[in-house]
2 protein chains.
Amino acid sequence: MEKKKVTIKDVAKYAQVSPATVSQILNGQAKRFDPKTVARVRQAKEDLGYEANYLARKMVGKQSMMIGILVPDITNPFFNTLVKGIEEVLFQAGFIAILGNGGFDGAKEEQCLFEFAQHGVDGFIIASPSISDKALQTVLTAKKRPYLVLDQKAPDGQSDALLLDDRAGGRLAAEYLAKKGHKKVALVVPKVLPANLKRRMQGFLEYYPEALVLTTEFSKAGGKASVPKLLTTKVSAVFALNDELAFGIYRGLAEHGKQVGSDLSVVGYDNVEMCEYVTPALTTIKQPLTLLGKTAAKLILARLKEPTSAYQQVMLPVELIERASVIQNN
Amino acid sequence: MEKKKVTIKDVAKYAQVSPATVSQILNGQAKRFDPKTVARVRQAKEDLGYEANYLARKMVGKQSMMIGILVPDITNPFFNTLVKGIEEVLFQAGFIAILGNGGFDGAKEEQCLFEFAQHGVDGFIIASPSISDKALQTVLTAKKRPYLVLDQKAPDGQSDALLLDDRAGGRLAAEYLAKKGHKKVALVVPKVLPANLKRRMQGFLEYYPEALVLTTEFSKAGGKASVPKLLTTKVSAVFALNDELAFGIYRGLAEHGKQVGSDLSVVGYDNVEMCEYVTPALTTIKQPLTLLGKTAAKLILARLKEPTSAYQQVMLPVELIERASVIQNN
DNA sequence: ATGAAAGCGCTAACAA
DNA sequence: TTGTTAGCGCTTTCAT
């Protein structure tokens with residue numbers, strides 16, 4: 001019952017070689033050894049169920065096979081879908097995911113990154129839009145570990161960058177609304193605007209320079225809170241900067257006895273699963289979240305393999321998913 | 001710029017003592033040393049910004065300050081709310097959270113636990129309802145690390161247990177429906193029933209032994225798929241075993257031109273955030289998810305502190321949140 | 001083709 | 001009161 005942890009020594013003893021030999025053979029130097037020895041060692045590994053201890057490995061400069069992931073709120077569908085994608089490819093590659101929930105709190109974010117580093121992660125994926133350059137500088141470049149900032153301009157040339165085509169997303173929403181005949185439209189946006197949201201907004205505003213801009217909390221509650229103000233205006237459609245906001249607007253409208261669609265058309269952003277399940281189903285901009293996560297993981301893994309290759313920047317496209325929340329306006 | 005990692009040796013040199021002394025002083029043995037030395041060491045730590053390396057610590061039998069968390073789907077509001085709670089208290093205690101997404105796949109779950117162990121986590125929080133006893137036995141007790149299985153009967157007396165009062169939840173839903181005058185009711189349940197769901201169902205069935213039981217996929221899509229069948233029966237209300245299922249039913253009803261409430265009353269389970277934002281707002285059983293997460297983290301932390309104290313079992317209550325998805329039936 | 005030795009950063013036991 | 005030694009599990013020269 002008391003299955004002791006099997007170490008490299010056990011394998012060595014079992015295979016009647018030295019620990020050094022085991023290490024060599026199990027780490028790709030196999031061809032330098034007598035095939036018989038190699039076979040014996042491999043057999044021993046199997047028989048004993050040996051797996052190298054990552055901590056000990058990390059101690060001698062190898063990888064710990066851990067990646068730190070920092071998100072602002074794991075409860076938000078955007079981020080948890082992302083994390084799911086990340087975790088999936090990480091896991092397949094034998095890495096594990098360390099999760100930090102920054103809560104939009106700069107201090108905690110920085111602290112998280114610090115802890116990650118302290119615990120020996122090999123790299124970081126940062127999906128917190130508000131992360132400060134300072135935090136990045138201090139914690140990351142100082143430690144010389146690769147990192148990846150998602151959906152945000154790389155703050156410097158110190159990392160790969162993975163972006164979503166936010167501006168196109170904003171434009172898509174605008175074009176669609178225009179096509180549907182909406183002249184007076186509003187934009188519901190959070191009070192503080194991270195770079196990606198700013199881009200969405202710009203894309204939209206290029207098309208509708210006169211759009212009414214309403215600021216609120218970046219949450220369902222915020223969306224709901226914006227409804228009374230929305231109702232005093234004569235806009236026929238609203239673009240919510242994410243689906244959460246849109247759901248809040250749905251609710252606010254319902255509480256005022258109004259109908260989404262006939263009373264006010266709405267377009268969201270993200271295409272979270274719930275979009276299909278609200279009534280009317282929400283027309284939204286789809287971001288390839290799972291793909292984003294997977295790509296992020298792949299990028300960081302690739303960099304770990306080739307630490308010196310040129311930093312790359314990849315941009316993922318977005319698309320409009322038409323459902324039923326926007327009606328023709330004349 | 002090239003801030004080298006500061007080790008205990010640096011501190012020792014700086015404070016003009018031996019590494020051992022530094023270790024002792026920084027680990028609670030301070031009182032055994034000359035106050036002057038203590039001061040010098042502490043100062044050195046500050047000046048150099050020294051933090052002990054967890055990996056090295058773990059090597060000599062100390063804690064790695066990492067806890068593994070295994071969930072089936074981080075995308076599901078139940079689990080991500082839970083994880084948020086866990087992460088919060090873990091982080092405050094200086095621990096970091098390692099996340100594994102088991103995807104209801106027994107093999108991957110087992111593999112996750114194994115990887116966690118391999119990476120040296122100090123303990124496990126397992127929220128996968130379908131985790132097999134075998135996986136637990138093999139991976140966990142063999143390694144002698146504490147673990148906690150959530151919302152499920154402890155498979156043995158080998159761990160603390162944290163439960164939700166599922167049976168009461170089922171009963172609450174039933175009583176409420178009865179109070180509202182519903183005679184013929186249905187239950188929508190997933191095909192495979194983990195222990196906790198089974199208990200919810202039992203609690204309900206004790207009250208409505210004649211209830212129609214419909215099985216489907218455990219997802220929004222599953223809920224939606226159950227609607228046609230539901231419509232052929234003459235039930236006036238339905239109890240969905242979680243909110244996701246309920247949302248699916250909302251959608252299915254809408255697609256059939258039916259209204260939640262007037263055509264079919266529905267009660268969900270979980271009280272995820274969206275409940276408030278669908279129309280009509282969903283009456284549901286609230287599980288204290290964040291509390292569940294926090295309690296889980298506290299329990300595991302407590303056990304780490306006191307490995308030999310008696311295993312405890314705590315049960316968290318649930319409550320019915322009345323909203324607008326159930327109407328009076330006569 | 002293989003192994004001995006050193007060392008990663010830390011702590012515990014034992015000396016001094 | 002403090003330092004020395006040894007060792008956790010692994011990898012990497014450098015001998016043999």
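Reminder, nothing fancy here: chain letters follow the sequence lines and each chain counts from 1.
Chain B approaches DNA chain D over the interval D:dT1 to D:dG9, counting the first and last nucleotide 5' to 3' with an atom under 4.0 Å from its heavy atoms.
OP1 or OP2 of C:dG9 has not a single side-chain nitrogen or oxygen of A:Lys58 nearer than 4.0 Å.
Looking at residues 21-32 of chain B, you'll see B:Thr21, B:Arg32 sit with a heavy atom under 4.0 Å from some atom of DNA chain D.
Here NE2 of A:His119 is found 11.0 Å from OG of A:Ser64. Values are rounded to the nearest 0.5 Å. Between atom CZ of residue A:Phe218 and atom CG of residue A:Asn76 there is a gap of 7.0 Å, rounded to the nearest 0.5 Å.
The interatomic distance linking B:Glu51 (CD) with C:dT11 (P) rounds to 12 Å, in whole Å. With rounding to whole Å, B:Tyr54 atom OH is found 11 Å from C:dT11 atom P. Distance, B:Lys9 NZ to C:dT11 P: 13 Å, rounded to whole Å. Rounded to whole angstrom, the span from the NE2 atom of A:His119 across to the C1' atom of C:dC10 amounts to 15 Å. Going from atom NZ of B:Lys5 over to atom C1' of C:dC10 covers 12 Å, rounded to whole Å.
With DNA chain C read from its 5' end, the first of the two nearest nucleotides for B:Ala20 and B:Leu55 is the one closest to B:Leu55. Nearest-nucleotide assignment on DNA chain D puts the 5′-proximal partner with B:Thr37, out of A:Ala52 and B:Thr37.
Side-chain contact, B:Asp10 with B:Tyr50: no donor N or O sits under 3.5 Å from an acceptor N or O.
The main-chain N or O of B:Asn101 is found under 3.5 Å from a side-chain atom of B:Lys108 such that the two form a donor-acceptor pair. Between the B:Asp160 side chain and the B:Gln312 main chain, a donor and an acceptor come within less than 3.5 Å of each other.
At a threshold of 4.0 Å, the pair A:Glu51-A:Arg57 does not count as salt-bridged, since none of the basic side-chain nitrogens sits closer than that to a carboxylate oxygen. Using a cutoff of 4.0 Å between basic side-chain nitrogens and carboxylate oxygens, A:Lys84 and B:Asp73 are scored as salt-bridged.
In the set C:dC8, C:dC10, C:dA12, the nucleotide with an atom closest to the side chain of A:Val60 is C:dC8.
Nearest heavy-atom pair, B:Val17 versus B:Arg40, reported as atom, atom and distance to 0.1 Å: CG1-NH1, 4.0 Å.
A search for salt bridge (charged side-chain N to carboxylate O under 4.0 Å, His left out) contacts involving B:Glu109 returns nothing, not counting sequence neighbours.
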